[in-house]
There are 2 protein chains.
Amino acid sequence: MRTTERNPLTPAARRVLAVASELFYTRGINTVGMELVAEEAGVTKKTIYDRFGSKQRLVVAYLRGRDERWNDFLTSRVEAHEDPVARILATFDALGEWMDRENERGCAMVNAYAELSDPEHPGRTVAEEQKVRLRELYRELAAETGATDPGALGDTLAMLHEGAVVGRNVTGIADAAATARNAAGALLRAHGVDA
Amino acid sequence: MRTTERNPLTPAARRVLAVASELFYTRGINTVGMELVAEEAGVTKKTIYDRFGSKQRLVVAYLRGRDERWNDFLTSRVEAHEDPVARILATFDALGEWMDRENERGCAMVNAYAELSDPEHPGRTVAEEQKVRLRELYRELAAETGATDPGALGDTLAMLHEGAVVGRNVTGIADAAATARNAAGALLRAHGVDA
DNA sequence: TTGTGAGTATACCGACCGGTGTGTTTACCT
DNA sequence: AGGTAAACACACCGGTCGGTATACTCACAA
């Protein structure tokens, strides 16, 4: 575990993380062995364990990285607008784009939460934190609109957001994000917001 | 695979299925080995393979059984009401009760979908079918209310339903079902339904 | 009474799992 | 020229995976 948070990854470590992220996401964390990761990254297992220390840590790095990428994307989309209503609607547009681009296997955090049943696994915390952060984002945005009961509105939007991912991925609702966006508008109006 | 759909399970097979269902749900399908299932059921592996043929089939039996239990529960709650609006709201009450009682690890179908990455695994179909059935239920109930655009309303309610499960389980929204129920009422009114 | 189905016990299979140890090569920095 | 970090190759560890084989006991029913 020579790898700390600040100093950058070595080239091989970066390759390992990229490959592992792809494999863990598309085939599942428990299904993918370290030997396969090493092979696909053109690296020996030794190198992986020298850089990451354990599979658990590699999994955490994968989840953190993916969380960060999504969060950066979402934040940039939200901050592109001033009006709080537009900011809320932008989250659903961002979700739709993201799902079209790189979510063909559903939410990585929800999947990891399902796979990592051991309550001690630090990967669970990463997933929980991501969801809590999303909830708080919606609660803050709801408050900015001056809605009546912004807490309930924020929670509702967060649930709609999560439901759109499952709806798109498992249920097969093709336009899930757009439908959720429309619903968000209706919910805003129901909470006394001009939308 | 002597076990077909109609003839009842032998006592040992019933025990195996019960134990496997509990273990698969709480610890995850890939995490639980057949040896553990055998041990916990007080049965030898031989017996399991004589009755179920393979782990894959045991997993499918688990998913089907759980799906059936949930579906029976939900259906009974819906059919207890005449008014379509009451029927819709009843689904969220049912969900809340179910989650309090036996959903401390989230939706078994969504979890299985995350774990079973092999697209050929028949367990995936069970999960997909359950989600599609839920979507169709909401679409039919929405149509019964005479709502404008019952398709979109139904899809929205289905997503809200799924989001409540994730919200409750991962995000930690304690009253997720109640919040979703309130949101469903608002969405109904937004679609021109008296609710 | 003689099968037959259900279940038991135990040993085994090849494959793979996460992880470690030893020693070597490469490349850059001073 | 010497030092150091990174990556290499390769062999190995104990343990578990899903699944199979053999042989035995028991209850019940024709």
Side-chain angles (χ1 to χ4, degrees), chain A residues 1-21 23-24 27-63 112 115-118 120-124, chain B residues 1-21 23-24 27-63 112 115-118 120-124:
Chain A
M1 44 130 255
R2 283 151 186 85
T3 304
T4 65
E5 283 74 27
R6 69 176 127 289
N7 56 7
L9 298 174
T10 63
R14 222 191 325 272
R15 247 156 49 222
V16 166
L17 184 54
V19 161
S21 298
L23 288 173
F24 286 158
R27 301 196 207 175
I29 293 168
N30 291 331
T31 310
V32 171
M34 296 296 270
E35 216 157 294
L36 176 62
V37 173
E39 193 183 312
E40 296 266 298
V43 148
T44 56
K45 280 208 294 177
K46 183 70 164 54
T47 301
I48 302 185
Y49 280 91
D50 281 350
R51 299 300 131 224
F52 293 93
S54 70
K55 182 177 186 179
Q56 200 176 84
R57 289 188 207 230
L58 180 59
V59 168
V60 168
Y62 147 59
L63 292 173
E115 284 205 82
L116 309 176
S117 58
D118 177 5
E120 301 296 313
H121 199 296
R124 289 179 70 85
Chain B
M1 47 132 255
R2 283 151 186 84
T3 304
T4 64
E5 283 74 26
R6 68 176 128 286
N7 56 6
L9 297 175
T10 63
R14 223 190 323 273
R15 247 156 49 223
V16 167
L17 183 54
V19 161
S21 298
L23 288 173
F24 286 157
R27 301 197 207 174
I29 293 168
N30 291 331
T31 312
V32 172
M34 297 297 269
E35 215 157 296
L36 177 62
V37 173
E39 192 183 313
E40 296 267 297
V43 148
T44 56
K45 280 209 291 178
K46 182 71 163 57
T47 301
I48 301 184
Y49 279 91
D50 281 349
R51 298 299 128 225
F52 293 94
S54 69
K55 183 178 186 180
Q56 198 177 85
R57 288 188 206 230
L58 181 58
V59 167
V60 168
Y62 147 59
L63 291 173
E115 284 205 84
L116 309 176
S117 59
D118 177 5
E120 301 296 313
H121 198 296
R124 289 179 70 86

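Just so you know, these numbers use all the heavy atoms, side chains as well, and skip hydrogens, waters and symmetry mates. Every chain is numbered from 1 and lettered A, B, ... according to where its sequence line falls, protein lines coming before strand lines. This is a predicted model, so every value here is computed, not measured.
Among residues two or more places apart in sequence or in another chain, the side-chain hydrogen bond (donor to acceptor under 3.5 Å, both in side chains) test is passed with A:Lys46 by A:Asp50. Not counting sequence neighbours, the partners of B:Pro122 by the side chain to side chain contact (heavy atoms under 4.5 Å, CB included) test are B:Gln56, B:Val60. Judged as a side-chain hydrogen bond (donor to acceptor under 3.5 Å, both in side chains), and not counting sequence neighbours, A:Arg15 has no contacts. A:Thr47 pairs by the side chain to side chain contact (heavy atoms under 4.5 Å, CB included) definition with A:Ala12, A:Val43, A:Thr44, A:Arg51, not counting sequence neighbours.
The bend of the helix from C:dT1-D:dA30 to C:dT30-D:dA1, defined by the angle between the axes of its first five and last five pairs, stands at 10° to the nearest 10°.
At whole-Å resolution of the value, CD in A:Glu39 and P in C:dC16 are 11 Å apart. One can place CD1 of A:Ile48 at 12 Å from P of C:dC17, the figure rounded to the nearest angstrom.
Contact annotation: the side chain of B:Lys55 never approaches that of B:Ile48 to less than 4.5 Å [non-hydrogen atoms, C-beta and beyond].
Residues B:Phe52 and B:Leu17 approach most closely at CZ-CB, 4.2 Å, considering heavy atoms. Between A:Ala20 and A:Leu58 the shortest heavy-atom distance is CB-CD2, 3.9 Å.
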Given protein heavy atoms under 4.0 Å, the one-letter contact record of nucleotides 7-24 of chain D, with B base, S sugar-phosphate only and - none, is simply SBB-------SBBB-B--

Please tabulate, for side-chain N and O atoms in residues 27-42 of chain A, each donor-acceptor pair with protein atoms closer than 3.5 Å (sequence neighbours left out).
unit_1: A:Asn30; atom_1: ND2; unit_2: A:Glu115; atom_2: O; d: 3.2
unit_1: A:Thr31; atom_1: OG1; unit_2: A:Arg27; atom_2: O; d: 3.2

